Amino acid sequence: MQHDTPLIATIVAGLGLAFLFGAVAQRLRIPPLVGYLLAGVAAGPFTPGYVADQALATELAELGVILLMFGVGLHFSLNDLLSVRAIALPGAVVQIAVASLMGLGLAMFLGWTVGAGLVFGLALSVASTVVLLRAIQERRLMETERGRIAVGWLIVEDLAMVIALVLLPALAGLLGGNSDALVADPLASRLGLGLWGVLLLTFVKVGVFVGIMLIAGRRIIPWILHYIAHTGSRELFRLAVLAIALTVAFGAAKLFGVSLALGAFFAGMILSESPLSQRAAQESLPLRDAFAVLFFVSVGMLFDPASVLREPWPLLATLFIIIVGKSVAAFLIVLAFRHPVGTALTISASLAQIGEFSFILAELGVKLNLLPTAGRDLILAGAILSIMLNSLIFAAVDWLSRRLERRGGVEVSGSDAQMGQVAAPAKSSASPDATRLTGHTILVGYGRVGSIVADALKRSSQPFLIIEDADNVVAKLRESNFETIVGNAARSDVLRSANLGGARYLLIAIPEAFEAGQIVQQARTANPSIQIIARAHSDAEVEHLKSLGADIIIMGEREIALGIIHNLFAWQARSAVAQG
Ligand code: AMP
């Protein structure tokens, strides 16, 4: 039966195995992502047992890339993109050049041709969209300056790769490969264009696509969504979001030769200017996460574990280029642009891996007879290992930032947020790592709810601190001189620096009950006597938080209802008095 439904079998095997391996990884305190990759290895052709359909898995993974980039676009305005161009453009270009040269060097050493070296080097120079975005989102860096630089940098890399993919077939003959093997652009070959012609045509196509999006897309897409939103059908709205993201991405790829990822990014960016974007982003979340998982599974499937033993030294050298070479280059470039060390470290870490574009480039190189298959295997192994190591590198960077910070004298965080760091009020001498308060109140979240609570605490002169993770909010907090810990309160290191053990009250004023639950659970374990008030929005959430140990749970909607009733009755009482 299995061969009758290969698509279903691939989805089931991909998601099922990923879930199993991911859960085991989580249990062993390894990032689940490593589990997804290993699930791919297990379903791949190089390990015994079940073999999933590789081509289908790769295609499904593309959906994940589209939805991820669409989501990024939703958080990104044109102004954001333009605001980081001063560093992202030269940064990406220099980094691509450095990585390509190093790759070329290794290729020469291995006795390959210059053409092979160039393809190899280019493939090592471009980071994976999925891996970078996951890392940035997990650390809630999307709204920070360093997050924006990393994404802008990635967009430039993607654009460079689109150009490389188009030019490579045209250049193949020149580089000693076989240009007849395939023709990149039917239009270019029909017009009989040379190298410069192909380059020009590519630029014109990308330009036309961006132009159409900015002029027509900007009006039509928000209009469609507004129209659908007013019909009141949630189902249709969801469908509209998905249809727009996929159609624009596909159209961009088919009609304009722009990559699927870039097309989706632009669709999202157009939407980000309309107030509906927040809802649109949320509607695409569940599907996005599921398909992003399939991306990692499909990468794992390409990996032959035996290749590590077959050629250990070239592989080590490849990894060195990806992880050390690229990082050092990025680090120095970011510093040269006078950004803080913390920003440089984050950017280096997020780019110290390779992924989907590298595979496409390697595949094309082999087809054009430019790259030996050994080169493709090295790129694959380098990708999977660098993706696995990426979380470790991020952990190392977090550790290093904190150490530098503690030593003082080095501006690590600059204007943007640094995880778990205390932004103490100017007049206090609190250590940069943990609070000195005891018997205090910890307030999580400084939004619509938390800011009102904080004002009341301040008026009553109680000792308290605030944990908040959104950059723009933190800036406001700094101005008002509240003691603040920057970071996601669900993380144990962030909670620890708030001195949970010595605190008296914990007030959780964030809307997300799942995260609130994690905070309650950790707080209860660390301090059995702490009194916890939490915020919820449904009866199920109230139950959840209660079961984890919160003392009092305020259900927002219930308080609103009480407020409405109270005001209505007050009116009625007043008019009764007036009439009587
Ligand atoms: P509001 O819903 O307007 O009260 O805003 C909630 C606030 O809590 C926002 O400022 C968020 O940035 C902040 N917030 C949400 N989740 C977390 C978290 N896990 N850790 C720290 N701050 C958070």
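We count ligands from 1, going down the list as the structure has it; atoms in each ligand are counted the same way. Being a predicted model, the structure only gives us computed values, none of them experimental.
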**Q** Relative to ligand 1, is R535 under 4.0 angstrom through side chain, backbone, both or neither, heavy atoms considered?
**A** side chain
**Q** Please work out which of E512, H537, R491, E515 has its closest non-hydrogen atom nearest to atom 16 (N) of ligand 1.
**A**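 It is E515 whose heavy atom sits nearest to atom 16 (N) of ligand 1.
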**Q** Report yes or no: do S460 and Q462 form a side-chain donor-acceptor pair below 3.5 Å?
**A** yes
**Q** Hey, looking at atom 21 (C) of ligand 1, which of G450, G447, S451, G487 has the closest heavy atom?
**A**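 Checking each option, the heavy atom nearest atom 21 (C) of ligand 1 is found in G487.
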**Q** Side chain of N527, backbone of A503: donor and acceptor closer than 3.5 Å?
**A** yes
**Q** Could you walk me through whether N499 and L437 satisfy the side-chain contact (heavy atoms from CB on, under 4.5 Å) test, starting with their C-alpha distance in whole Å, then the side-chain angles of each, then the deciding distance to 0.1 Å, before giving a yes or no?
**A** CA-CA 7 Å; N499 186 17; L437 294 179; 5.8 Å; no
**Q** Please list the nearest protein heavy atom to atom 15 (C) of ligand 1 with its residue and the distance rounded to 0.1 Å.
**A** I510 CG2, 3.4 Å
**Q** Enumerate the atoms of ligand 1 whose separation from the nearest heavy atom of P511 is less than 4.0 angstrom.
**A**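 Heavy-atom distances to P511 below 4.0 Å select 2 (O), 6 (C).
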**Q** Do F482 and F464 have ring centroids that are under 6.0 Å from one another?
**A**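 Ring-ring flag for F464/F482: true, centres closer than 6.0 Å.
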**Q** Which of the numbered atoms in ligand 1 are below 4.0 angstrom from a heavy atom of V449?
**A**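 So the atoms of ligand 1 that pass are 4 (O).
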**Q** Any idea which atoms of ligand 1 are less than 4.0 Å away from a heavy-atom of G445?
**A** 8 (O), 13 (C)
**Q** Quick one: do the E468 and T484 side chains pair a donor with an acceptor below 3.5 Å?
**A** no
**Q** Looking only at protein heavy atoms, which one is nearest to atom 11 (C) of ligand 1, and how far off is it?
**A**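 Nearest neighbour among protein heavy atoms for atom 11 (C) of ligand 1, to 0.1 Å: E468 OE2, 3.3 Å.
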**Q** Does R288 make a cation-pi contact with F70 (under 6.0 Å, within 45 degrees of the axis)?
**A** no
**Q** Considering non-hydrogen atoms only, spot the tightest contact between V126 and E157 and give its length.
**A**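 Residues V126 and E157, closest heavy atoms: CA-OE1, 3.5 Å.
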**Q** Just heavy atoms, cut-off under 4.0 Å: does A489 contact ligand 1 by side chain, backbone, both, or neither?
**A** both
**Q** Hey, does I519 come in under 3.5 Å of ligand 1, counting only N/O atoms on both sides?
**A**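 It does not: no N or O of I519 is found under 3.5 Å from an N or O of ligand 1.
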**Q** Heavy-atom contacts with N488 under 4.0 Å: which atoms of ligand 1 show up? List them by number with element.
**A** 18 (C), 19 (N), 20 (N)
**Q** Between R448 and ligand 1, which part of the residue brings a heavy atom under 4.0 Å of the ligand: side chain, backbone, both or neither?
**A**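 Near ligand 1, R448 shows its backbone as well as its side chain.
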**Q** Would you call D289 and R134 a salt bridge, taking side-chain N to carboxylate O under 4.0 Å as the test?
**A** no
